[in-house]
Student: 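Sharing a structure below in structure tokens format, with a few things to ask.
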Amino acid sequence: MSATPSSRNNAHTAGQRLDPDDPAYAGQAAYTPFFLRYIYDPLVIRIQNRFTWRCPSKNILDLYRRNVSENHLDAGPGTGWYLRKCRFPGTRPGIHLLDVNSDVLSRAAERIARHEPRCVQADLLKPLPLDKERFDSVALVHVLHCLPGDIPEKAQVLDHLAPLLRPGGKLFGSTILSRGVPQTKLSRSQLGYMNQLGVFANEQDSLGDLDNALKERFDRYELHTRGNVALFSITV
């Protein structure tokens with residue numbers, strides 16, 4: 001049986017409806033079952049990452065391969081493409097998936113059903129229902145640019161995720177920036193369009209603000225850019 005948010009493998013209740021009054025609702029609601037199954041991978045993984053944001057998906061996959069552990073939490077797993085492609089240490093990794101959208105959880109869990117992931121439906125901007133869980137790696141890939149607010153505001157997500165790591169654990173991820181990175185005509189156009197739709201909320205997101213947010217919280221981190229994308233890895 002494929003692992004889904006209603007299966008016996010899940011750690012917490014899922015299937016709650018999205019809140020239309022949530023400032024992030026437009027971005028959350030865009031990830032429908034049809035979009036996740038048929039459109040996301042060809043559009044985002046194969047085309048936009050390479051040609052629009054100039055950070056081919058293999059760069060993000062390499063980030064996973066360098067940092068992922070056999071006790072892993074993926075916050076905002078998308079379709080589960082990176083989780084399916086990356087190599088976990090060990091043969092039976094323990095994987096938790098976390099997202100506010102139950103459709104995302106269903107698709108990602110189906111994608112990596114062989115690992116029997118556990119799903120948690122929760123809002124990253126609120127305290128997380130994982131008080132007793134601890135992980136050796138946490139991924140936050142292509143999530144921050146979808147969250148409302150500027151970097152100093154949305155960086156509270158780091159404060160929610162970092163305490164879930166064991167000493168020496170890795171918090172890693174990526175985000176698309178609007179400022180402090182080279183732009184092309186195509187990237188400017190897409191940034192404007194995605195922000196107008198409400199799918200992105202990153203018009204003010206800058207490399208400097210991201211660096212400051214990491215510096216204020218962590219002693220050990222790496223941050224570099226590829227095209228419009230910032231890639232980071234934090235050791236706690």
Student: Between Asn101 and Tyr31, is there a donor-acceptor pair closer than 3.5 Å when you use the side chain of the first and the backbone of the second?
Tutor: yes
Student: Within the distance-only criterion (no hydrogens, no angle test), does the side chain of His160 pair as donor or acceptor with the backbone N or O of Leu128 below 3.5 angstrom?
Tutor: no
Student: Using a 4.5 Å cut-off on heavy atoms from C-beta on, say whether the side chain of Ile95 contacts that of Asn71.
Tutor: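 In short, these two side chains do not touch, never coming nearer than 4.5 Å.
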Student: Would you mind reporting whether Leu98 and Asp74 have side-chain heavy atoms less than 4.5 Å apart?
Tutor: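 They are not in side-chain contact.
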Student: Examine distances only and state if a side-chain atom of Asn228 and a backbone atom of Gln183 form a donor-acceptor pair shorter than 3.5 Å.
Tutor: no
Student: Would you say the rings of Phe232 and His224 are close, in the sense that their centroids are separated by under 6.0 Å?
Tutor: no
Student: So, Arg166 and Glu133, do they make that salt bridge, N to O below 4.0 Å?
Tutor: no
Student: If we only count heavy atoms from C-beta on, is the Leu73 to Leu161 side-chain gap below 4.5 Å?
Tutor: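 Contact flag for Leu73/Leu161 side chains = yes.
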Student: Do the two ring centres, one from Phe135 and one from His72, sit under 6.0 Å apart?
Tutor: no
Student: Tell me, yes or no, whether the heavy-atom count around Arg114 atom CZ, taken from other residues, nucleotides or ligands under 6.0 Å, exceeds 12.
Tutor: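 Yes, CZ of Arg114 has more than 12 neighbouring heavy atoms, counting only those of other groups under 6.0 Å.
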Student: Kindly indicate whether the side chain of Ser206, heavy atoms from C-beta on, has any atom under 4.5 Å from the side chain of Leu177.
Tutor: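 No; the side chains remain at least 4.5 Å from each other.
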Student: Assign the ring pair His142 / His145 to parallel, tilted or perpendicular, where the plane angle (0 to 90°) is split at 30° and 60°.
Tutor: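 Perpendicular, since the angle between the ring planes exceeds 60°.
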Student: So, do Pro148 and Leu125 sit near enough that their side-chain heavy atoms are less than 4.5 Å apart?
Tutor: yes
Student: Is there a donor-acceptor pair under 3.5 Å between the side chain of Gln190 and the backbone N or O of Ser187?
Tutor: no
Student: Looking at Ser174 and Ala230, would you say the former's side chain and the latter's main chain have a donor-acceptor pair under 3.5 Å?
Tutor: no
Student: Could you check whether any side-chain N or O of Asn195 sits under 3.5 Å from a backbone N or O of Leu191, counting only pairs where one atom can act as donor and the other as acceptor?
Tutor: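 Checking the backbone N and O of Leu191 against the side chain of Asn195, a donor-acceptor pair under 3.5 Å is found.
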Student: Taking the six-membered ring for Trp, is the centroid-to-centroid distance between Phe200 and Tyr193 below 6.0 Å?
Tutor: no
Student: With the side chain counted from C-beta on, respond yes when Asp205 and Leu210 share a heavy-atom pair under 4.5 Å apart, and no when they do not.
Tutor: no
Student: Do the non-hydrogen side-chain atoms of Leu231 and Val229 ever get within less than 4.5 Å of each other?
Tutor: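 In contact.
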Student: Around Glu222, counting heavy atoms of other residues, nucleotides and ligands shown, do more than 12 lie under 6.0 Å from its CD?
Tutor: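 Count not over threshold, so no.
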Student: In terms of relative ring orientation, are Phe88 and His115 parallel, tilted or perpendicular, with 30° and 60° separating the classes?
Tutor: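 Ring orientation of Phe88 relative to His115: perpendicular.
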Student: Strictly by modelled atom types, are Asn67 and Ser137 linked by a side-chain donor-acceptor pair under 3.5 Å?
Tutor: no
Student: Verify, without hydrogens or angle tests, whether Asp150 (side chain) and Glu153 (backbone) share a donor-acceptor contact under 3.5 angstrom.
Tutor: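 Confirmed, Asp150 side chain pairs with Glu153 backbone.
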Student: Would the distance check show the side chain of Lys154 and the main-chain N or O of Leu147 forming a donor-acceptor pair, the cut-off being under 3.5 Å?
Tutor: yes
Student: Group every Ile, Leu, Val, Met, Phe, Trp and Tyr by side-chain heavy-atom contacts under 4.5 Å, then state whether Ile39 and Ile47 land in the same group.
Tutor: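 In one cluster with Ile39: Ile47, no.
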Student: So, the side chain of Ser178 versus the backbone of Gln204: is there a donor-acceptor pair under 3.5 Å, distance only?
Tutor: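 Not at all, since once roles are kept as given, no pair shorter than 3.5 Å links the two residues.
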Student: Check whether any side-chain heavy atom of Leu36 lies under 4.5 Å from a side-chain heavy atom of Asp103, and answer yes or no.
Tutor: yes
Student: Using atom types as modelled and distance alone, determine if a side-chain donor or acceptor of Asn59 lies under 3.5 Å from a backbone N or O of Cys55.
Tutor: no
Student: Mark yes when over 12 heavy atoms from residues, nucleotides or ligands other than Arg217 sit less than 6.0 Å from its CZ; otherwise mark no.
Tutor: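 Above 12, so yes.
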Student: Taking NZ, NE, NH1 and NH2 as the nitrogens, is one of them in Arg179 or Asp209 under 4.0 Å from a carboxylate oxygen of the other?
Tutor: no
Student: Decide whether Thr79 and Arg111 meet the rule of one side-chain donor and one side-chain acceptor closer than 3.5 Å.
Tutor: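 The criterion, which ignores hydrogens and geometry beyond distance, is satisfied for Arg111 and Thr79.
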